[in-house]
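Letters A, B, ... mirror the listed sequences (proteins, then strands); counts begin at 1.
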Amino acid sequence: MSALKSIKSLVPLLDRVLVQRVKAEAKTASGIFLPETAVKELNEAQVLAVGPGAVDREGKRIVPGVKAGDKVLIPQYGGTPIKVAEEEFHLFRDSEILAKINE
Amino acid sequence: MSALKSIKSLVPLLDRVLVQRVKAEAKTASGIFLPETAVKELNEAQVLAVGPGAVDREGKRIVPGVKAGDKVLIPQYGGTPIKVAEEEFHLFRDSEILAKINE
Amino acid sequence: MSALKSIKSLVPLLDRVLVQRVKAEAKTASGIFLPETAVKELNEAQVLAVGPGAVDREGKRIVPGVKAGDKVLIPQYGGTPIKVAEEEFHLFRDSEILAKINE
Amino acid sequence: MSALKSIKSLVPLLDRVLVQRVKAEAKTASGIFLPETAVKELNEAQVLAVGPGAVDREGKRIVPGVKAGDKVLIPQYGGTPIKVAEEEFHLFRDSEILAKINE
Amino acid sequence: MSALKSIKSLVPLLDRVLVQRVKAEAKTASGIFLPETAVKELNEAQVLAVGPGAVDREGKRIVPGVKAGDKVLIPQYGGTPIKVAEEEFHLFRDSEILAKINE
Amino acid sequence: MSALKSIKSLVPLLDRVLVQRVKAEAKTASGIFLPETAVKELNEAQVLAVGPGAVDREGKRIVPGVKAGDKVLIPQYGGTPIKVAEEEFHLFRDSEILAKINE
Amino acid sequence: MSALKSIKSLVPLLDRVLVQRVKAEAKTASGIFLPETAVKELNEAQVLAVGPGAVDREGKRIVPGVKAGDKVLIPQYGGTPIKVAEEEFHLFRDSEILAKINE
């Protein structure tokens, strides 16, 4: 039976970064809900958890460039999709994250 | 004749990790058993044994990130399947294990 | 909802360089506007922001060869396209930028 | 004319490991012999000889993880097949051997 | 609008070398001009500008093997074509230049 | 005109090993000659000459694992075929030689 | 206009080796000239010029294994063809030259 009850129990290994894509507005300005196919996926994501970093040749950890809570730009494709309780998440390598988004 | 009587006699080499996939519920909440094709495979697995780690360029072992007993998230595809006494197991490289699952 | 209101809030990671392609004249010399399909894309771009640089094997940052404000020559293809408020931008790795353009 | 009269005269080079696959039972429990096509190949093998190990960048030998006499788990495919006196053997690189089998 | 008015304002980055292919004679010995399709491209080129060199693992510049003014032999294919004011130029990596031509 | 009168004048460079495949018996035990197509090629070969070894990163030669006179096991495919005076020879890299054959 | 009047003005860069293939006899023993298609290309070549050598990671030149004047064995395919005054030459990397031919 699944041990993965909540996404919070997931601890990424090495340089993996757990993110959740920001959902595009599924409602028009006037409040009408759009059917799901009309909602374009954004490449913005929230960082939920970050691994300890990959290990370099001298055995030292390479500190990841992002941290939990960061808003980031992720590639359109790639990453490993994970589904927990009907919600979708992704694991990316730290070096695949394109940019941070300052607010 | 097969020397492999029990999965316990398998000792992974280098950075290989022996895991067994967690089985999805084959029974509905009301206790009805589902036919096997209706049971979706989960990407959660239990670590059974871990090799001593790969050797880096200076000849030192790279300590694996997981240990026997860990619950882990594994990739959907990949790994080397092993069958012992009708049960299926997989060998993954340590760096292929995606995340640990805390309980 | 999108956190990316302005391209200025984008902070490239590692050796990524955020550029905006220079727009070709959409007007003839005599002032007649050309339809968009007649406007050839140029491979000149303006650097908007530059990451801190990739990390080398000794853990030191490799200082990028371009900086914000530079006019540069970019490859015809490649890079990661980003759209913010109907404007298109690109992320390139520092080593993909072909040349600086002095004015 | 062939100089290879016996598999014992074969001395693997570098990190190569000479193995012979364990034969599956060609006889049912009640002693009936099965036709050869009904005998499934096992991925278990006996190590017959091991090379001195590959040479690392500093010119030192990397000691192989297995030794003659070991029972091992080998990949389903791969390795170099060798035939001596109608018997089949395989050469694998040391790092391709999946696991040791303890008895 | 294009900032690239003259090829002289182009400053190659890293180990890139800016060259212009030598034009084959478009005139026969008796002075008759050949149609452009009859003029075979030569693989000889003039070096116009050279980047500061690629950076090696210790962060030192690798001095390019050619310099502005050199006559060189370039590969038949490859390089990045650049067009400025209807003239064509190419960027090659320093290591792609095949040979110098002494005069 | 060919300078290569005899295979003995060939001096392999770097880690190349010059071998000649052992010919399978073209005669049955009772002395009947087999047509050439019935003679199966063996993967056994005699080492005729060995280069000085490849150069490692520190500029030192890596001593090849075989020497002239050795009987060796070579891969079924690969190597560079050379024909001298209607005889066929092969050049292999030292690391491609599978095993030595002791007599 | 071509600056390359003579093959002697060509100076190979890095580890490139300029060679000219040895021409097979175009005349039978009895002095009859063979049509050009009947002349089989040999893989023997004369070294005309050699670059200063590739640069290793510490910035030192790797001394090429052949020198001008050497007779060498070259691969059947590969290398960069160069035509000067209707004669064909080839550039190979030093490590592609298979063997020296002693006379």
Inset, instruction - Could you tell me the separation between the CD atom of B/Glu44 and the CG atom of A/Leu10, rounded to the nearest 0.5 Å? - result: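 Reported value, rounded in 0.5 Å steps: 9.0 Å.
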
Legend entry - A/Ser9 side, atom OG; B/Leu73 side, atom CG - distance, nearest 0.5 Å: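 Between atom OG of A/Ser9 and atom CG of B/Leu73 there are 10.0 Å.
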
Inset, instruction - Can you tell which part of B/Val66 gets under 4.5 Å to a heavy atom of chain A, answering side chain, backbone, both or neither? - result: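 The side chain, not the backbone.
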
Inset, instruction - Answer with side chain, backbone, both or neither: which region of B/Leu98 has an atom nearer than 4.5 Å to a non-hydrogen atom of chain A? - result: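 When you check distances to chain A, atoms from both the backbone and side chain of B/Leu98 fall under 4.5 Å.
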
Legend entry - Residues in residues 77-86 of chain B near chain A [non-hydrogen atoms, under 4.5 Å]: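 Residues in range: none.
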
Inset, instruction - Taking all non-hydrogen atoms of both residues into account, name the closest pair between B/Ala99 and A/Pro12 and its distance. - result: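 Smallest interatomic distance, heavy atoms only, reads CB-CA, 3.9 Å.
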
